[in-house]
Engineer: 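Take this structure, written in structure tokens, and hold onto it; I'll ask about it next.
By convention here, the first residue in the shown sequence is residue 1.
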Amino acid sequence: MARVLLEKVNKVYEGNVHVVKDNDLEIKDKEFMVLVGPSGCGKSTTLRMIAGLEEITSGKIYIGDRVVNNVQPKDRDIAMVFQNYALYPHMTVYDNLAYGLKLRKFPKDEIKQRVDEAAEILGLSDLLERKPKALSGGQRQRVAVGRAIVRYPKVFLFDEPLSNLDAKLRVQMRAEISKLHKRLDTTIIYVTHDQVEAMTMGDRICVLHDGFIQQVDTPLNLYDHPVNMFVAGFIGSPAMNFIPGELIDDDGIFFQASGMKIPVTGKQKEMTKDYVGKKLIFGIRPENLIHAEKGHIVATVEVIEPMGNEIIIFCAIKDIRFIVRMETRLPLEPGDIVKLAVKENYFHFFDPETEKSLV
């Protein structure tokens, strides 16, 4: 296995289209790193540059201790799993798994040993004589993963491998890939636009936006301590609420906005005392707004989405709109008034110009 290191990596296409911008990133040996971000943020391009499928414009990429800028993909000791499976339809599962090894002139007995081992790991042993058209989507994806496993590569690269699966299969395959990582004890770089996949699978997550790395951290640190509004809004579902207003001193520190006045307490009070009298943006996750008869927020219910184990409430105060997520099934209807409080130490403040976190 090996670490992967990117140093000041850039990718510029014709027409001066700059899609990856001066990025530094270290993926540790045996780490599961997830690259996440919206479409067009540069995550798949970054993965393809690591694989050697895209040339880098400038910078260096290391796999282990070797600079691989000018190394052919087949010589980088990596294996890639694509979004569309890329299986050979005329070959059996066994032959799909064995094909890359046959090209490399491996002995037949070693090919069989590797294919049988991968098939056992992935639950494909009973499907080796089938062709891809006789497999379900989840089985095809496991074959694509198995084709990577038999290579014994230093690094596995996954490019949105679950996006073609239905919701139930995605949950199942997430768990299978996570178990596979622990079993193989290998380095994995995984690209997705789905922040739920990122949060549940990665040891660390690299959040990209507009070609730049925004933040690299563990899932919980990204969730609890986002460095800016983009990360705060991208990680978490439903997304964090952002409310513009200002801090005031009125026998205590308060955040004041149209129709609301929220006391700032706990560690946030000490960390924001220098911003009294200044405009800022208040950030609060939907699950950190709670129903309270003496709540400081009095809002009108606009829409209710019952989810079974919880309810999502879309609320409004004058021109401000925000979302609340509750596990308690309150007997509410659109048009009702609801009183809310903010959980202490769970809110955020951002600079309205730079969008960076103030705390």
Engineer: Does some side-chain heavy atom of Ile213 sit less than 4.5 Å from a side-chain heavy atom of Leu25?
Structural biologist: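 Yes, their side chains come closer than 4.5 Å.
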
Engineer: So, Gln214 versus Asn228: side-chain donor-acceptor pair below 3.5 Å or not?
Structural biologist: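 A pair is found: one side chain offers a donor N or O, the other an acceptor, under 3.5 Å apart.
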
Engineer: How is the hydrophobic cluster of Phe254 composed, in terms of its other members, when Ile, Leu, Val, Met, Phe, Trp and Tyr link through side-chain heavy atoms under 4.5 Å apart, directly or indirectly?
Structural biologist: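 Cluster partners of Phe254: Ile248.
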
Engineer: Is the closest side-chain heavy-atom distance between Asp22 and Val9 below 4.5 Å?
Structural biologist: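 Answer no - side chains too far apart.
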
Engineer: May I have the step-by-step check of side chain to side chain donor-acceptor pair (under 3.5 Å) for Glu160 and Thr192, ending in yes or no?
Structural biologist: CA-CA 5 Å; Glu160 304 209 38; Thr192 180; 5.1 Å; no

Engineer: Could you tell me whether Arg329 atom CZ has more than 12 heavy atoms of other residues or ligands within 6.0 Å of it?
Structural biologist: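 It does not: Arg329 CZ has 12 such atoms or fewer within range.
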
Engineer: If the condition is salt bridge (charged side-chain N to carboxylate O under 4.0 Å, His left out), which residues does Glu110 pass it with, not counting sequence neighbours?
Structural biologist: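 Salt bridge (charged side-chain N to carboxylate O under 4.0 Å, His left out) check on Glu110 returns Arg114.
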
Engineer: Going by distance alone, is a donor N or O of one side chain under 3.5 Å from an acceptor N or O of the other, for Arg204 and Thr218?
Structural biologist: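 Per modelled atom types, Arg204 and Thr218 side chains form no pair under 3.5 Å.
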
Engineer: Report yes if the side chains of Arg130 and Thr92 come closer than 4.5 Å at any heavy-atom pair, otherwise no.
Structural biologist: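 A side-chain contact is absent here, since even the closest heavy-atom pair is not under 4.5 Å.
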
Engineer: Could you tell me how the ring of Tyr88 sits relative to the ring of His90: parallel (under 30°), tilted (30 to 60°) or perpendicular (over 60°)?
Structural biologist: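 Perpendicular: the ring planes of Tyr88 and His90 meet at over 60°.
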
Engineer: Would you indicate whether Lys21, at its atom NZ, is surrounded by more than 12 heavy atoms from other residues, nucleotides or ligands within a distance under 6.0 Å?
Structural biologist: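 Yes - once you tally the heavy atoms of other residues, nucleotides and ligands closer than 6.0 Å, there are more than 12.
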
Engineer: Side chain of Gln141, backbone of Met173: donor and acceptor closer than 3.5 Å?
Structural biologist: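 Pair absent, no side-chain N/O of Gln141 close to backbone of Met173.
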
Engineer: Please check if Val342 and Val301 belong to a single hydrophobic cluster, counting links between Ile, Leu, Val, Met, Phe, Trp and Tyr side chain heavy atoms closer than 4.5 Å.
Structural biologist: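 Yes, same cluster.
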
Engineer: Between Phe242 and Phe282, is the ring centre distance below 6.0 Å?
Structural biologist: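 Centroid separation for Phe242 and Phe282: 6.0 Å or greater.
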
Engineer: With a 3.5 Å distance limit and no angle check, can you tell me whether Lys43 reaches the backbone of Pro38 through a side-chain donor-acceptor pair?
Structural biologist: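 Pair found, side chain donor or acceptor close to backbone of Pro38.
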
Engineer: Between Phe32 and His181, how do the two ring planes meet: parallel, tilted or perpendicular, split at 30° and 60°?
Structural biologist: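 Judged by the thresholds at 30° and 60°, the geometry between Phe32 and His181 is perpendicular.
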
Engineer: Consider only side-chain N and O atoms of Ser58 and Asn10, and report whether a donor and an acceptor are under 3.5 Å apart.
Structural biologist: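 Note: Ser58 and Asn10 side chains meet the donor-acceptor criterion.
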
Engineer: Side-chain contact test, heavy atoms from C-beta onward, threshold under 4.5 Å: evaluate it for Pro238 versus Ile312 and give yes or no.
Structural biologist: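 Counting from C-beta outward, Pro238 and Ile312 do come under 4.5 Å.
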
Engineer: Could you check whether any side-chain heavy atom of Ile323 comes within less than 4.5 Å of a side-chain heavy atom of Ile313, counting everything from C-beta outward?
Structural biologist: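 The answer is no, as the side chains (C-beta and beyond) never meet within the 4.5 Å cut-off.
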
Engineer: Are any of the side-chain heavy atoms of Ile317 and Val298 separated by less than 4.5 Å?
Structural biologist: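 Counting from C-beta outward, Ile317 and Val298 never come under 4.5 Å.
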
Engineer: Check whether Asn23 reaches the backbone of Gly211 with its side chain - one donor and one acceptor, N or O, closer than 3.5 Å.
Structural biologist: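 Confirmed, Asn23 side chain pairs with Gly211 backbone.
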
Engineer: Over 60° means perpendicular and under 30° means parallel, so tell me whether Phe230 and Phe234 are parallel, tilted or perpendicular.
Structural biologist: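 Plane angle under 30°, so parallel.
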
Engineer: Do Glu26 and Arg3 sit within salt-bridge range, that is, some charged N less than 4.0 Å from a carboxylate O?
Structural biologist: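 Salt bridge between Glu26 and Arg3, a charged N being under 4.0 Å from a carboxylate O: yes.
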
Engineer: Quick one: does Thr187's side chain have a donor or acceptor within less than 3.5 Å of a partner on Lys30's backbone?
Structural biologist: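 Yes: the side chain of Thr187 pairs with the backbone of Lys30.
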
Engineer: Got more than 12 heavy atoms from elsewhere within 6.0 Å of CG, Asn309?
Structural biologist: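 Result for CG/Asn309: enclosed.
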
Engineer: I'd like to know if Arg142 and Glu176 make a salt bridge, using a cut-off of under 4.0 Å between side-chain N and carboxylate O.
Structural biologist: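 Judged by the 4.0 Å cut-off on N to carboxylate O distance, Arg142 and Glu176 do form a salt bridge.
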
Engineer: So, does Asn69 use its side chain to make a donor-acceptor pair with the main chain of Gly59 at under 3.5 Å?
Structural biologist: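 At least one qualifying donor-acceptor pair exists.
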
Engineer: May I ask you to decide if Gly283's main-chain N or O and Asn241's side chain share a donor-acceptor pair within less than 3.5 Å?
Structural biologist: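 No, the answer is negative, given that no donor and acceptor are paired below the 3.5 Å cut-off.
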
Engineer: Kindly check if the number of other-residue, nucleotide or ligand heavy atoms within 6.0 Å of NZ (Lys112) is above 12?
Structural biologist: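 No, the 6.0 Å shell around NZ holds no more than 12 heavy atoms from other groups.
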
Engineer: For a quick check under 3.5 Å, do Tyr13 and Glu54 share a side-chain donor-acceptor pair by atom type?
Structural biologist: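 Their side chains do contain a donor-acceptor pair, which is all the 3.5 Å distance test asks for.
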
Engineer: Is any side-chain N of the basic residue among Asp77 and Arg151 closer than 4.0 Å to the acidic one's carboxylate O?
Structural biologist: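 Looking at Arg151 together with Asp77, the answer is no, because their closest N to O distance does not fall below 4.0 Å.
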
Engineer: In the single-linkage hydrophobic clustering (I, L, V, M, F, W, Y; side-chain heavy atoms under 4.5 Å), do Phe82 and Ile50 co-cluster?
Structural biologist: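 Hydrophobic grouping puts Phe82 with Ile50.
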
Engineer: Side chain to side chain donor-acceptor pair (under 3.5 Å) between Tyr190 and Glu197: does it pass, once the steps are laid out?
Structural biologist: CA-CA 10 Å; Tyr190 187 103; Glu197 275 183 35; 2.8 Å; yes

Engineer: Do Val115 and Tyr94 have side chains that get closer than 4.5 Å, going by heavy atoms?
Structural biologist: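 They are in contact (side-chain heavy atoms under 4.5 Å apart), so the answer is yes.
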
Engineer: Would the distance check show the side chain of Asp75 and the main-chain N or O of Gln72 forming a donor-acceptor pair, the cut-off being under 3.5 Å?
Structural biologist: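 Side chain of Asp75 to backbone of Gln72, a donor-acceptor pair under 3.5 Å: no, none is there.
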
Engineer: Would you say the side chain of Phe255 lies within less than 4.5 Å of the side chain of Lys261, judging by non-hydrogen atoms?
Structural biologist: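 Not in contact.
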
Engineer: Can you tell me if Glu120 has over 12 outside heavy atoms packed within less than 6.0 Å of its CD?
Structural biologist: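 Counting other residues, nucleotides and ligands, CD of Glu120 stays at 12 neighbours or fewer.
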
Engineer: Look at the side chain of Gln215 and the backbone N and O of Val227, then say whether any donor-acceptor pair between them is shorter than 3.5 Å.
Structural biologist: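 Yes, the answer is positive, given that a donor and an acceptor are paired below the 3.5 Å cut-off.
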
Engineer: Would you confirm whether Arg147, through its side chain, and Met80, through its main-chain N or O, come within 3.5 Å as a donor-acceptor pair?
Structural biologist: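 No: the side chain of Arg147 does not pair with the backbone of Met80.
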
Engineer: Spell out, as yes or no, whether a donor-acceptor pair under 3.5 Å connects the side chain of Lys11 to the backbone of Glu55.
Structural biologist: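 Answer holds: yes.
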
